[in-house]
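Here's the structure we're looking at; comments come further down.
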Amino acid sequence: MTNLEIAELLRKVAAAYLVLNENRFRIIAYERAADSVEHLTSEVKDMWDDGKLEDIPGVGGGIASQLNELFRTGKSKHWNEVLSQVPQAIFPLLLVPGLGPKKAYTLVTELKLKDANTVIPDLEKAAKAGKIAPMEGFGDKSQSVILDSIAIYKRGQIKENRMPLPYADEIARELIAHLKKVPGVIRVDALGSLRRQVSTIGDIDIAVATDKPEPVISQFVKFSHQKIVDQGGSGATLLLSNGRQADLRVQSQKAYGAMLQYFTGSKNHNIRLRELALTKGMSLSEHGIKSVRTGKLTKYATEEAFYKAIGLSYISPELREDRGEIEASRNGTLPKPIMLDDMKGDLHVHSSYDLEPSHDLGKNSVAELMTKASDLGYAYLGFSDHNPGITNHSKEKIIDIMKRRREKYEQLYTSWKNSVQKRTRLAEDSKSRRAQYFLMCEVDILPDGKLALPDEALEYVDAVIVSVHSSFTQPKAQTTERLVRALTSHPKVRILGHPTGRLLGSREGIDADWKEVFTVAKAHDIALEINAYPERLDLPDTLVYDAVKMGIRLCIDTDAHAVEHMDLMRYGISVARRGWASAHDIVNTLEYNEFYKWLARKS
DNA sequence: GCCGTTTTCGGCCCGACTGTTTTCAGTCG
């Protein structure tokens, strides 16, 4: 069962409990657990394997024991029993915007809609026949709203899948530019999961600081949309033309710090924070902090002041996931998250040099990539082209290709260096801005764990990145053994590339015992890659968190296949920050000499 | 059902908006 399926099941149980008028805190507990599971980046099943279900925020003994039964036997008797007490037809209706468990229940019972498979068209028919308006608690307006919502639902225009972070960035940029045109706008920020830099984004959340809300809100609802979901004096919600939802909140500049904090979330972080504040007699909201005793509201212009008022040091948005950051802030043990400026090199770029690989070549030349590395202020660049294909080359041929490659790269680098020197002969700092290179190779880990490059060929590289590019669905034990074998196969193996092999939205990662793989990586001083390529963002942040806790080295690479991809480093930084990584956890923050020592195992 | 620097019992985040209502329930984030 995937996390999404588990979250859906927990939500169904919560909905059933709501219909059954069960204790409201039990319902909230299920919803909180569902949220938590949905946003988890490691698989619940893996956590069950490790006996760590109760490490999931919001999952305690009760839910954990049902999950245990679910994984063991394929079902939970207790949850099935709960679900069977309500009409099954209510569940599809929950996907229609504006319909929750109570309304859905009233509709299916009063209108006698029994078939879960046809309940949505059946409800549409009833609405068109005017049968909803006379019902108690409904009216003409709600009848037509239901019809509109069903129409949107049927067009399939509500995107349920989350999108990779960079795509959401693009939409947010357009929205921000649109809002900045309004006079009186002091600040516009993308908040929510975007500001927390989560790898995949559902809705786009935007906040505006202004003393004149009305023109901002009316400009917002002019942005290309298919529906205004709601609109009020402090914000609005749109269903955009592309099927994504966008939320706007406006706040005065004086109280903007509280708004930033509230609207950045995560939800569970905010709940935890508000619970803590209550113990100190403070009630938190997007308007500021209210004294429970006197009811007096204090406003905060900055988040730093807001956190300070609760007795906490500032917590970076990427850390706000209820993973212990509030306690760490209190104890002064928060990490100092890595920054883009800390990076001294990129170890995983593909050039257009053709070594007859089994996978794709890069688009740009060695010179173009070196120039880009220098422009980015890097001290070094690692060329990690894919190994030559093994099905169409003999072993001797592969060794020959790798040998010639070494010679050719040396020529290409020297001629680039000379041309740079010629152009900048007069510039004082020209030498310090010239990046150096490492000749590496990205070597396939074959299904049995052997490397797709003979040992003799490894003589012609400084180091290799090993990566899985095939057989993604092997059983867990086999995959684990495969990775361990690859990591321990040769001293020049220094980096495990995009470790899980996931592709966001299209491919699950491989299933491995990560704790065991990490233990081997640590013992052999092999760095785990955080691949910044937008569809990868791999290692996932939760595994980064585990790796950092274990004291394993990481490296952040772009896997660039073109010069412009080298700008994507910042997304890898986001993943690292979300995993509580500091500069000292990341091997390619080392200066050239130190890094060279690490790469060549001379330290 | 979860959870703990006042607690293993007794609390449980906070507010906006909408529609159908004369004070509130439902839904959402």
Side-chain angles (χ1 to χ4, degrees), chain A residues 10-11 13-15 17-19 21-36 53-54 56-67 78-79 82 93-94 96-107 132-146 149 191-193 202-205 207 213 217 228-237 239 245-251 258-259 261-290 292 297 310-311 322 326-327 330-331:
Chain A
L10 291 168
R11 275 208 188 90
V13 174
Y17 274 146
L18 189 67
V19 170
N21 288 316
E22 182 46 88
N23 175 302
R24 53 187 280 255
F25 296 110
R26 175 174 291 177
I27 297 162
I28 291 169
Y30 271 88
E31 283 169 348
R32 213 159 138 177
D35 278 346
S36 189
L53 282 179
E54 293 190 43
I56 303 170
V59 173
I63 292 178
S65 83
Q66 298 305 318
L67 285 174
H78 173 60
W79 287 344
V82 173
L93 290 185
L94 301 179
V96 177
L99 292 186
K102 293 273 191 179
K103 285 188 191 172
Y105 178 74
T106 308
L107 289 167
I132 293 176
M135 291 167 57
E136 198 181 329
F138 292 85
D140 286 336
K141 177 74 185 176
S142 50
Q143 179 167 275
S144 75
V145 165
I146 285 171
S149 300
L191 303 181
S193 51
D203 301 341
I204 310 285
D205 299 318
I217 294 165
I228 298 176
V229 179
D230 55 35
Q231 184 176 353
S234 62
T237 300
L239 185 58
Q245 191 159 300
D247 292 331
L248 169 78
R249 298 293 178 110
V250 292
Q251 182 61 279
M259 175 58 83
Q261 198 291 315
Y262 152 77
F263 211 20
T264 297
S266 66
K267 194 171 171 182
N268 284 341
H269 172 86
N270 284 0
I271 289 174
R272 196 69 74 207
L273 201 64
R274 288 169 182 190
E275 283 171 353
L276 170 67
L278 271 183
T279 68
K280 303 184 176 199
M282 296 182 278
S283 169
L284 312 181
S285 78
E286 63 265 48
H287 305 296
I289 301 179
K290 214 188 273 181
V292 173
L297 179 76
I310 315 165
D322 190 21
I326 292 173
E327 293 71 18
R330 231 162 135 167
N331 305 334

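The figures here come from the full heavy-atom set of this structure, side chains too, leaving out hydrogens, waters and symmetry mates.
In this structure, A/G192 reaches neither bases nor backbone, as no heavy-atom distance under 4.0 Å exists between it and the strands shown. Residue-level contact check: A/G265 touches neither bases nor backbone, having no heavy atom under 4.0 Å from any strand. Residue A/L273 is out of contact with every strand shown, counting any heavy-atom pair closer than 4.0 Å. Residue A/E136 is classed as having no contact, given no heavy-atom separation below 4.0 Å to the nucleic acid. Within the 4.0 angstrom heavy-atom criterion, no nucleotide atom of any strand lies near A/I27. Counting any heavy atom pair closer than 4.0 Å across all strands shown, A/Q66 reaches no nucleic acid atom. Note on A/T237: nothing from the nucleic acid sits closer than 4.0 angstrom, heavy atoms only. Within 4.0 Å of A/K280, counting heavy atoms only, lies no atom of the nucleic acid at all.
The CZ atom of A/R249 lies 11.0 Å from the CG atom of A/L191; values are rounded to the nearest 0.5 Å.
Under a 4.0 Å N-O distance rule, the pair A/R330/A/E327 does not qualify as a salt bridge.
Looking at the side chain of A/I63, the nearest of the listed nucleotides B/dG1, B/dC13, B/dG29 is B/dG1. Considering only the side chain of A/Y17, B/dG1 comes nearest among B/dC13, B/dG1, B/dC17. With B/dG19, B/dG1, B/dC14 as the choices, the nucleotide that has an atom nearest any side-chain atom of A/L278 turns out to be B/dC14. Closest to the side chain of A/E275, from the set B/dC12, B/dC14, B/dG26, is B/dC12. The A/S142 side chain lies nearest to B/dG19 when the options are B/dG1, B/dC13, B/dG19.
Ring planes of A/Y17 and A/H78: tilted class, angle from 30 to 60°.
Considering only side-chain N and O atoms, A/H287 lies nowhere under 4.0 angstrom from the phosphate OP1 or OP2 of B/dC14.
B/dC3: Watson-Crick or G-U partner is B/dG10, with both key distances under 3.5 Å.
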